[in-house]
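Throughout, protein chains are lettered first and strands after them, A, B, ... in sequence-line order, and every chain is numbered starting at 1.
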Protein chains: 2
Amino acid sequence: MIRVLLAEDQAMIREALAALLSFEDDIEVVAQVGRGDEVVRAAEASGPDVALLDIEMPGIDGLTAAAELRRARPQTKIVILTTFGRPGFLRRAMESGVSAFLVKDSPADKLACTIRRVLAGDRVIDPDLAAAALAEGISPLTPRERDVLGASADGATIAQIAQELYLSEGTVRNYLSSCIQKTGARNRTEALRLAEERGWL
Amino acid sequence: MIRVLLAEDQAMIREALAALLSFEDDIEVVAQVGRGDEVVRAAEASGPDVALLDIEMPGIDGLTAAAELRRARPQTKIVILTTFGRPGFLRRAMESGVSAFLVKDSPADKLACTIRRVLAGDRVIDPDLAAAALAEGISPLTPRERDVLGASADGATIAQIAQELYLSEGTVRNYLSSCIQKTGARNRTEALRLAEERGWL
DNA sequence: GCCGGGGCATGACACATGTCATGGCCGGCT
DNA sequence: AGCCGGCCATGACATGTGTCATGCCCCGGC
């Protein structure tokens, strides 16, 4: 029997996935958690062969949880199962030593199939997604630019960002301008959106 | 047997929900669709007692689909099952004659339970959500303001919005300014975010 | 009929934002 | 050592945005 840990914040979806997996004769869900920061503890208690992690979760996100789990129990294979196939997510997942990356709109039979392949030592990545991740490359933003762009989320004004980061307003403008150019956007709002989509933050 | 139609765009989630429902002896999933604009056709072909609709879907969204389905087959009860419990969604759902509104992070057993109650003629609404919907009232935005604010999504510049809606730039600025005041935001970015959260779009 | 209120539309003005040129600092290279 | 290139930081300037006062039109109340 393949022992599976399931981490997903939406209870209904989590239990539905468990129901789906219960149809497989060789798979058994041995633990379910709804928060990223419970993953490692649950894994140590239940000793799964495979951990199935969502990315959007309260506590810590699935990618961070993946890195921690990898450190705590390297023998556990990790499968990321998420809504958004953002290339940046895929890149971070790969860096965290994840074995597979699935998006939730692939057909349901892929799930069991992927779990088995991962346990056999394979890596399973959607080819389209992999191509997209390679195509847009790594982030061209400097650390400081990331800081500033990140702080400009939720519609903060420049003065507030400057105060928050102990910078002159002119400097903040400069970084944002740089971000706008590098993303090819028309203003900081769009720059933020594009950078997030590409996983540049 | 209760005949259920399942509409949800993410294939894996859709089939997982079907698996979940298959454990119920008195429930049968008679149709599955992945797009909002296929709901009515599938309902007419399969004659379900209950339609379970997600909101975020390609084609037309679940709330619009609900309204159409209600017109085409008023005898079919409608349950909205969605990720975001935005009060605005709930309000629109009620206006569309929906029987129940569930969020995906409620426990899985609620699903079957809700389907049965709805068929018995009950309306099932999360009390917290209902309270929130009443608390923030209806949208104070005029139709034109909604148009303009909506067009300003994805970081378009004022000139572009003006061109798109055949307005003077000054007029666009004026509407946006009005939106900013009514939402209590500091700029149009934040106004957009707040209005979306409250379902004012 | 005649207001009065509200939505729609506009342009002038003040201010916030984006662009540019510049300089200091550090690390790699010749 | 000296040079070069990249990141960090700044202020001056042009442009884009938000606010305001104003007028038009339509509809409902008096």
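Closest approach to the A:Thr171 side chain among D:dT10, D:dG18, D:dG16 is made by D:dT10 (side chain taken as heavy atoms from C-beta onward). Of all nucleotides listed (D:dC8, D:dG18, D:dT10), D:dG18 comes nearest to the side chain of B:Asn187. For A:Arg173, taking side-chain heavy atoms from C-beta onward, the closest of the listed nucleotides D:dG18, D:dG16, D:dA12 is D:dA12.
Boundaries of the chain B contact region on DNA chain C are C:dG7 to C:dG11, first to last in 5' to 3' order (nucleotide atom under 4.0 Å from a heavy atom).
In this structure, B:Gln163 places its CD atom where only 12 or fewer heavy-atom neighbours from other residues, nucleotides or ligands lie under 6.0 Å away. Atom NZ of A:Lys182 is surrounded by more than 12 heavy atoms from other residues, nucleotides or ligands within 6.0 Å.
Within 4.0 Å (heavy atoms only), A:Ser177 reaches at least one base atom of the nucleic acid. Nucleic acid contact for B:Gln181: sugar-phosphate only, since backbone atoms but no base atoms lie under 4.0 Å from a heavy atom of the residue. Using a 4.0 Å heavy-atom criterion, one finds that B:Arg144 contacts the sugar-phosphate atoms exclusively.
Electrostatic pairing of B:Lys104 and B:Asp54 counts as a salt bridge here, judged by a charged N lying under 4.0 Å from a carboxylate O.
Side chains of B:Asn174 and B:Thr171: a donor-acceptor N/O pair is absent below 3.5 angstrom, by distance only.
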Begin with the C-alpha distance, continue with both residues' side-chain angles, and end with the deciding distance and a verdict on salt bridge (charged side-chain N to carboxylate O under 4.0 Å, His left out) for A:Arg91 and A:Glu95. CA-CA 6 Å; A:Arg91 192 174 314 115; A:Glu95 286 164 4; 5.6 Å; no

